There are 2 protein chains.
Amino acid sequence: MDRKEQILEIATELIQTRGYSAFSYQDLSDRLGITKASIHHHFPSKAELGLAVAERYFADVTSALGEVKRASDDPWEQLDGYVGQILSIIKTRDRICAAGAVHSEFNVVPESMRDEMCRLAKHIIAWITDVLESGRRAGVMDFPGDPKAEAALIFAAAQGAMQFGRAHGAVKARQILQQIKESLRAK
Amino acid sequence: MDRKEQILEIATELIQTRGYSAFSYQDLSDRLGITKASIHHHFPSKAELGLAVAERYFADVTSALGEVKRASDDPWEQLDGYVGQILSIIKTRDRICAAGAVHSEFNVVPESMRDEMCRLAKHIIAWITDVLESGRRAGVMDFPGDPKAEAALIFAAAQGAMQFGRAHGAVKARQILQQIKESLRAK
DNA sequence: GTCTATAAATGGATAGAC
DNA sequence: GTCTATCCATTTATAGAC
């Protein structure tokens with residue numbers, strides 16, 4: 001329906017599968033069946049489109065994570081909610097997290113888009129930190145040192161898992177996610 | 001000296017800083033002070049150059065890892081050798097691991113180059129697996145489950161740490177690497 | 001090995017009609 | 001909002017002289 005939304009959806013997919021620098025207005029044109037000029041009407045420049053994708057992606061991910069916390073107070077169920085989001089990306093095959101994609105092309109992505117994806121990374125890590133703190137407080141999760149450091153590790157590992165999984169198979173990626181969980185199990 | 005080697009060195013840097021799709025013969029031309037045509041003389045196509053970069057990178061990394069194992073039998077010192085390689089990439093600022101870069105652009109990188117970088121990833125994980133097995137056997141390292149799964153987790157986390165560190169600062173990346181080590185400490 | 005010159009394709013972007 | 005037409009820069013690549 002909404003053209004703008006359609007464009008954003010496909011652009012997001014292209015960024016997740018090909019990356020920001022490797023996707024073009026032509027790709028969008030092919031997929032949507034309208035000309036490049038029409039797409040420029042909705043998003044005058046690629047940088048503006050990139051920013052819009054990032055903002056939409058930020059909203060989607062943060063809202064889903066918020067939903068996870070509203071759905072349960074249990075730290076393990078909350079962590080599973082996060083892992084579930086990663087798994088759903090892995091399942092699509094060919095895709096990785098858009099935030100991870102932008103981080104890996106950091107030097108060639110427009111600044112406003114970068115900033116938004118950095119914001120998202122910080123948000124996710126803060127969210128995980130929160131889960132880890134309540135898990136430790138409840139005595140159901142165990143890990144060394146600062147919860148923020150552990151949360152950053154989990155975030156980095158999850159990004160790496162998606163990238164690795166696309167190349168070597170979803171099974172490997174799931175194995176990594178499973179290992180993250182095992183390492184948090186209280187003894 | 002050797003032009004071919006000079007080209008490979010700069011191409012490797014460009015792939016680590018900008019990615020495969022975002023670097024061009026023009027970039028190399030600018031940096032080397034010779035024309036694009038001259039570079040095509042050494043590497044007729046971008047795909048061949050990409051493959052050569054991957055082969056050279058594979059040789060460099062595997063040889064350095066081999067050196068680490070020859071230098072010490074201690075699992076912790078060996079792990080520090082791997083972490084040291086990651087740290088030296090992080091220190092350069094702007095760079096990430098070339099294997100990680102190729103993994104994140106997987107769908108737009110020539111197949112031969114992809115294959116070589118996948119080989120490298122497998123090699124590194126096998127190398128880490130080995131360290132973990134001897135560490136566990138000696139009772140100085142502790143982790144849940146399969147050493148191969150833990151090694152894949154460490155590899156994924158290290159790749160993620162470099163990408164995250166370039167965007168959010170080297171301190172954060174070092175923190176993640178430190179956390180990996182803490183999580184392996186025998187209790 | 002390096003150059004000039006050039007090709008052919010693609011990329012991001014704009015003007016103006018409908 | 002979408003189109004045709006067009007622009008200009010960039011990209012990968014080749015031919016042929018020095």
Side-chain angles (χ1 to χ4, degrees), chain A residues 1-56 98 101-102 105-114 116, chain B residues 1-56 98 101-102 105-114 116:
Chain A
M1 314 100 230
D2 191 3
R3 254 293 126 88
K4 223 159 165 169
E5 183 61 20
Q6 273 187 313
I7 295 170
L8 286 176
E9 189 169 322
I10 296 177
T12 303
E13 181 194 327
L14 288 169
I15 287 169
Q16 290 186 267
T17 52
R18 307 174 50 81
Y20 177 81
S21 33
F23 98 92
S24 68
Y25 275 70
Q26 187 59 55
D27 294 329
L28 291 166
S29 166
D30 293 342
R31 289 281 297 271
L32 287 161
I34 60 175
T35 62
K36 288 192 292 175
S38 300
I39 300 165
H40 276 286
H41 168 76
H42 297 282
F43 298 97
S45 77
K46 196 180 177 185
E48 287 168 85
L49 172 54
L51 174 58
V53 165
E55 285 172 341
R56 180 174 170 277
V102 167
E105 307 187 76
F106 202 70
N107 294 323
V108 293
V109 164
E111 207 177 349
S112 59
M113 189 186 189
R114 277 173 17 175
E116 189 67 7
Chain B
M1 335 342 25
D2 192 4
R3 254 292 125 87
K4 223 158 166 168
E5 183 61 20
Q6 273 186 313
I7 294 170
L8 286 176
E9 189 170 323
I10 295 176
T12 303
E13 181 195 327
L14 288 169
I15 287 169
Q16 290 186 267
T17 52
R18 305 174 52 81
Y20 178 81
S21 34
F23 98 92
S24 68
Y25 275 70
Q26 187 60 55
D27 294 329
L28 291 166
S29 166
D30 293 341
R31 289 282 296 271
L32 287 160
I34 61 176
T35 62
K36 292 187 287 175
S38 301
I39 299 166
H40 276 285
H41 168 75
H42 297 282
F43 298 98
S45 76
K46 195 181 176 183
E48 289 168 84
L49 172 55
L51 174 59
V53 166
E55 285 172 342
R56 179 175 172 276
V102 167
E105 308 188 74
F106 201 70
N107 294 323
V108 293
V109 163
E111 207 177 348
S112 59
M113 189 187 188
R114 274 170 23 170
E116 189 68 7

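Values in this document were obtained by computation on a predicted structure and should not be read as measured data. In the text below, chain A, chain B and the rest are named by the order of the sequence lines, each starting its count at 1.
Residues A/F43 and A/A52 share a closest heavy-atom pair of CE2-CB, 3.7 Å.
Looking at residues two or more places apart in sequence or on another chain, you find a salt bridge (Lys or Arg N to Asp or Glu O under 4.0 Å) between B/E5 and B/R56.
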Self-check item: Nucleotide-resolved protein contact map, nucleotides 2-18 of chain D, B/S/- at heavy-atom distance under 4.0 Å
Solution: BBB------BBBBB---
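Rounded to a whole Å, the CG atom of A/L28 is 11 Å from the P atom of C/dG11.
Between A/I15 and A/F23, some side-chain heavy-atom pair lies under the 4.5 Å cut-off. For the pair A/I39/A/S29, a side-chain contact is recorded, criterion being any heavy-atom separation below 4.5 Å from C-beta on.
Pairs passing the salt bridge (charged side-chain N to carboxylate O under 4.0 Å, His left out) check and including a residue from residues 15-34 of chain A, sequence neighbours excluded, read A/E13-A/R31, A/R18-A/D27.
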